[in-house]
Enquirer: 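Before I ask anything, let me first share the structure, which is written out below as structure tokens.
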Amino acid sequence: DSGVTQTPKHLITATGQRVTLRCSPRSGDLSVYWYQQSLDQGLQFLIQYYNGEERAKGNILERFSAQQFPDLHSELNLSSLELGDSALYFCASSELTGLINGYTFGSGTRLTVV
Amino acid sequence: DQQVKQNSPSLSVQEGRISILNCDYTNSMFDYFLWYKKYPAEGPTFLISISSIKDKNEDGRFTVFLNKSAKHLSLHIVPSQPGDSAVYFCAATSYGGSQGNLIFGKGTKLSVKP
């Protein structure tokens, strides 16, 4: 157990629908990161939050949004889902920059859009 | 345009021998480099990092070498063990840039045979 909890582990939904992925960071970590891993791609950075505020944004689609709550858990909202959104979505956390000791990743949410 | 490339999708090594995983990058602004290991159905696990002010960093059986002029880094595992069989990701970022934006390679699958 890495200490980063992601729910649900698996999600199957239809095109056009909206889903919410949840992440609880490791205790004491203020930064939360979301990554997407598609079949033929590496891990793609989506967005970072630090202590409730958006800190950095990657290639996140406008249909996707995220937030970090006062208790530091984070949610990634995916709307108007398309087949191409099927992927593994990872959440990671770190105490500060995470550059020296790395990020701690959760085990991911596998999203399948049918 | 891939800024971090792992050109070998797979590598097979005999137990007890050295495993060398390679990674190339194109962005000269990158100054932190990290290696992660990933088992199936789990999130990536941080292994070791190196900053651009160093050319080598060691942690037990794992050593990362950085050649800035060649924009190349490698991970050496000595001796290799069957439990090291996993997918290894190289990642890079620029401390002065978007800190959350760890750019990952597509990974190299290492198989260590008993």
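Chain identifiers are assigned alphabetically (A, B, ...) following the order of the sequence lines, protein sequences preceding nucleic acid strands; residue numbering begins at 1 within each chain.
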Enquirer: Among A:Tyr35, A:Phe45, A:Tyr33, which residue satisfies the side-chain contact (heavy atoms from CB on, under 4.5 Å) criterion with B:Leu102?
Expert: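 The residue from A:Tyr35, A:Phe45, A:Tyr33 that satisfies side-chain contact (heavy atoms from CB on, under 4.5 Å) with B:Leu102 turns out to be A:Tyr35.
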Enquirer: Are B:Leu34 and A:Leu46 in one and the same hydrophobic cluster, where Ile, Leu, Val, Met, Phe, Trp and Tyr link if side-chain heavy atoms are under 4.5 Å apart?
Expert: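 Different clusters.
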Enquirer: Taking everything shown except B:Arg17 itself, do over 12 heavy atoms lie less than 6.0 Å from its CZ?
Expert: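 No - once you tally the heavy atoms of other residues, nucleotides and ligands closer than 6.0 Å, there are 12 at most.
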Enquirer: Are B:Phe104 and B:Leu110 connected in the hydrophobic side-chain network, where two residues link if heavy atoms are under 4.5 Å apart?
Expert: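 Different clusters.
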Enquirer: B:Ala91 versus chain A, heavy atoms under 4.5 Å apart: side chain, backbone, both or neither?
Expert: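 When you check distances to chain A, no heavy atom of B:Ala91 falls under 4.5 Å.
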Enquirer: Heavy-atom cut-off 4.5 Å, strictly under: side chain, backbone, both or neither for B:Phe89 against chain A?
Expert: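 Only the side chain of B:Phe89 comes within 4.5 Å of chain A.
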Enquirer: Please walk me through it: do A:Gln37 and B:Lys106 pass side-chain contact (heavy atoms from CB on, under 4.5 Å)?
Expert: CA-CA 10 Å; A:Gln37 185 182 25; B:Lys106 293 191 178 183; over 6 Å; no
Enquirer: Is it the case that more than 12 heavy atoms not belonging to B:Lys68 sit under 6.0 Å from its NZ atom?
Expert: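 Enclosed: over 12 neighbouring heavy atoms sit under 6.0 Å from NZ of B:Lys68.
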Enquirer: Can a donor-acceptor pair be found, under 3.5 Å and without considering hydrogens, that links the side chain of A:Tyr103 to the backbone of B:Pro44?
Expert: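 Side chain of A:Tyr103 to backbone of B:Pro44, a donor-acceptor pair under 3.5 Å: no, none is there.
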Enquirer: Is atom CD1 of A:Ile12 surrounded by more than 12 heavy atoms (other residues, nucleotides or ligands) closer than 6.0 Å?
Expert: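 Check fails, neighbour count at 12 or below.
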Enquirer: Can you give me the closest heavy-atom contact between A:Ser107 and B:Ala41, atom names plus distance?
Expert: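 Minimum heavy-atom separation between A:Ser107 and B:Ala41: CB-O, 4.2 Å.
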Enquirer: Look at the side-chain heavy atoms of Ile, Leu, Val, Met, Phe, Trp and Tyr, link any pair under 4.5 Å apart, and say whether B:Tyr36 and A:Leu43 land in one connected group.
Expert: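 Yes; tracing contacts between hydrophobic side chains, which count when under 4.5 Å, links both residues.
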Enquirer: For B:Phe46 and A:Phe105, I'd like to know if the aromatic rings sit close, meaning centre-to-centre distance below 6.0 Å.
Expert: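 Distance test on ring centres: not under 6.0 Å, no.
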Enquirer: Between A:Cys91, A:Gly102, A:Gly42, which residue shows the highest count of heavy-atom pairs closer than 4.5 Å to chain B?
Expert: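 If we count pairs closer than 4.5 Å to chain B, A:Gly102 comes out on top.
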Enquirer: Please flag which part of A:Gln6 lies under 4.5 Å from any non-hydrogen atom of chain B: side chain, backbone, both or neither.
Expert: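 Neither part.
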Enquirer: Could you state the interatomic distance from CD (B:Glu42) to CZ (A:Phe90), rounded to the nearest 0.5 Å?
Expert: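 Reported to 0.5 Å precision, the distance equals 10.0 Å.
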Enquirer: Same cluster or not: A:Trp34 versus A:Phe64, using hydrophobic residues (I, L, V, M, F, W, Y) connected whenever any side-chain heavy atoms lie under 4.5 Å apart?
Expert: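 As far as the 4.5 Å side-chain criterion goes, A:Phe64 and A:Trp34 are connected within one cluster.
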Enquirer: In the single-linkage hydrophobic clustering (I, L, V, M, F, W, Y; side-chain heavy atoms under 4.5 Å), do B:Leu75 and B:Ile20 co-cluster?
Expert: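 No, no single cluster joins them.
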Enquirer: NZ/B:Lys38 to CG/A:Leu88 distance, rounded to the nearest 0.5 angstrom?
Expert: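 So the gap between those two atoms works out to 6.0 Å.
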